[in-house]
Amino acid sequence: MNPTNLTRIKCAIVFIVFMLFSVGPIPITSSIGLYVVIFRPRWFKELVDKIYTGKAD
């Protein structure tokens with residue numbers, strides 16, 4: 001399994017966990033999404049780079 005697929009699987013698992021926790025009164029997934037859109041953190045850019053490393057242009 002290449003690193004791109006492993007990163008995608010990890011992201012999917014994290015989003016599933018976030019969706020389970022979002023059932024409560026505080027929407028975690030949308031709060032993190034808003035944070036990413038507003039502040040564009042470095043970890044998000046690195047995550048996107050890992051996912052699309054093996055893609056052709």
Side-chain angles (χ1 to χ4, degrees):
M1 181 174 293
N2 60 15
T4 301
N5 287 336
L6 188 61
T7 304
R8 288 181 183 187
I9 291 171
K10 287 180 184 178
C11 288
I13 290 171
V14 168
F15 277 123
I16 289 170
V17 169
F18 283 160
M19 286 180 355
L20 292 175
F21 285 125
S22 290
V23 174
I26 301 171
I28 295 173
T29 307
S30 56
S31 300
I32 292 174
L34 183 63
Y35 171 77
V36 167
V37 168
I38 292 174
F39 296 107
R40 292 183 288 179
R42 181 179 298 269
W43 61 263
F44 185 73
K45 170 79 167 91
E46 291 171 359
L47 177 66
V48 171
D49 287 342
K50 283 182 185 178
I51 290 175
Y52 292 106
T53 297
K55 298 292 183 188
D57 290 334

Please say yes or no: joined through hydrophobic side-chain contacts below 4.5 Å, possibly via intermediate residues, are Val37 and Val48 part of one cluster?
no
Dump the intermediate steps for side-chain contact (heavy atoms from CB on, under 4.5 Å) on Val36 and Trp43, then the final yes or no.
CA-CA 10 Å; Val36 167; Trp43 61 263; 3.8 Å; yes
Is any side-chain heavy atom of Ile51 less than 4.5 Å from a side-chain heavy atom of Cys11?
yes
Give the cluster check for Leu47 versus Ile38: same hydrophobic cluster or not, with ILVMFWY residues linked at side-chain heavy-atom distances below 4.5 Å.
yes
Run the salt bridge (charged side-chain N to carboxylate O under 4.0 Å, His left out) test against Lys10 and tell me which residues pass, sequence neighbours left out.
none
